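Everything quoted here is computed from the prediction, not taken from an experiment.
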Amino acid sequence: MFAAKFTAELANRIGSRVEVATDNNLIEGILSTVTADLALVIDVSSGYGGNVKIYISVDAINFVRFPVAA
């Protein structure tokens, strides 16, 4: 039940800057896509090269933070 509400809230925030914490990583980027099982965060770096797509299992997420733009 909580997972459905969690993914629905994430889906409402698609396009926002996000920090996602798992047991091993802190992923920062833009929330791109959310399904019942996966969240896609695009790591947009200021350097040269392409953007990195990071797929995260919703079950592996410990917390999500939406930082305020400075």
Side-chain angles (χ1 to χ4, degrees):
M1 180 174 143
F2 176 74
K5 290 183 180 183
F6 180 59
T7 55
E9 181 60 30
L10 287 177
N12 286 333
R13 297 191 179 233
I14 288 175
S16 300
R17 293 207 48 80
V18 68
E19 295 176 356
V20 179
T22 65
D23 287 344
N24 302 321
N25 296 310
L26 179 64
I27 299 132
E28 299 178 54
I30 297 177
L31 185 61
S32 176
T33 307
V34 178
T35 67
D37 299 321
L38 294 172
L40 172 60
V41 175
I42 299 182
D43 181 14
V44 182
S45 63
S46 60
Y48 295 102
N51 300 329
V52 177
K53 296 178 182 177
I54 304 169
Y55 291 92
I56 307 162
S57 172
V58 171
D59 293 338
I61 296 173
N62 292 334
F63 73 85
V64 175
R65 183 172 163 249
F66 297 95
V68 177

Partner set under side-chain hydrogen bond (donor to acceptor under 3.5 Å, both in side chains) for Glu9, not counting sequence neighbours = Arg13

Which other residues belong to the hydrophobic cluster containing Phe2, where Ile, Leu, Val, Met, Phe, Trp and Tyr are joined when side-chain heavy atoms lie under 4.5 Å apart, directly or via other members?
-> Phe6, Leu10, Ile14, Val18, Val20, Ile27, Leu31, Val34, Val41, Val52, Ile54, Ile56, Val58, Ile61, Val64, Phe66

Check side-chain contact (heavy atoms from CB on, under 4.5 Å) between Ala3 and all other residues, then give those that pass, not counting sequence neighbours.
-> none

Return the set of residues passing salt bridge (Lys or Arg N to Asp or Glu O under 4.0 Å) with Arg65 (not counting sequence neighbours), or none when no residue passes.
-> Glu19

With sequence neighbours excluded, tell me which residues meet side-chain hydrogen bond (donor to acceptor under 3.5 Å, both in side chains) with Asp23.
-> Asn62

Of all residues at least two apart in sequence or in a different chain, which pass the side-chain contact (heavy atoms from CB on, under 4.5 Å) check with Asp37?
-> Thr35

Shortest non-hydrogen contact between Asp43 and Glu28, atoms and distance = OD1-O, 3.5 Å

